[in-house]
Amino acid sequence: MDYAAFYQEVVAWINEANQKATTLGLQSNDFWLWVTRSSGEICDKHGNNKLVINQMLMLINWLEDIYFGR
């Protein structure tokens with residue numbers, strides 16, 4: 001696995017998540033559909049590698065913490 005390429009993908013995903021949160025709204029269904037769909041696509045792209053899954057789960061948890069004000 002190309003870890004450098006994966007982490008560049010993570011940075012791009014975080015930037016896009018911030019943009020989507022601004023344009024769609026953190027409370028919108030469209031935002032959370034994008035989050036689940038795009039994170040699943042990244043996991044699939046990398047063969048559901050355990051590191052990739054855990055990284056994407058951590059990012060989803062981060063977004064949930066922001067949403068719930070934790």
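Note that these values count all heavy atoms, side chains included, but never hydrogens, waters or copies made by symmetry. Along the sequence shown, residues carry numbers from 1.
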At what distance, to the nearest 0.5 angstrom, does [atom1] of [X] lie from [atom2] of [Y]?
X	Y	atom1	atom2	answer
N18	L26	CG	CG	10.0 Å
E16	Q19	CD	CD	6.5 Å
N49	M56	CG	CE	12.5 Å
E9	I14	CD	CD1	11.5 Å

Hey, what's the ring geometry for Y67 with W32, parallel, tilted or perpendicular (30° and 60° as the breaks)?
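Aromatic pair Y67/W32 classed perpendicular.
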Can [Y] be reached from [X] by stepping across I, L, V, M, F, W or Y side chains whose heavy atoms are under 4.5 Å apart?
X	Y	result
V11	I60	no
W34	M58	yes
F31	I66	yes
W13	L57	no

Using a 4.5 Å cut-off on heavy atoms from C-beta on, say whether the side chain of [Y] contacts that of [X].
X	Y	result
L59	S39	no
E41	D44	no
Y3	L51	yes
M1	V52	yes
D2	F6	no

Among I53, N54, N48, whose side chain to side chain contact (heavy atoms under 4.5 Å, CB included) with K50 holds?
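Of all the options given, the one that passes is N54.
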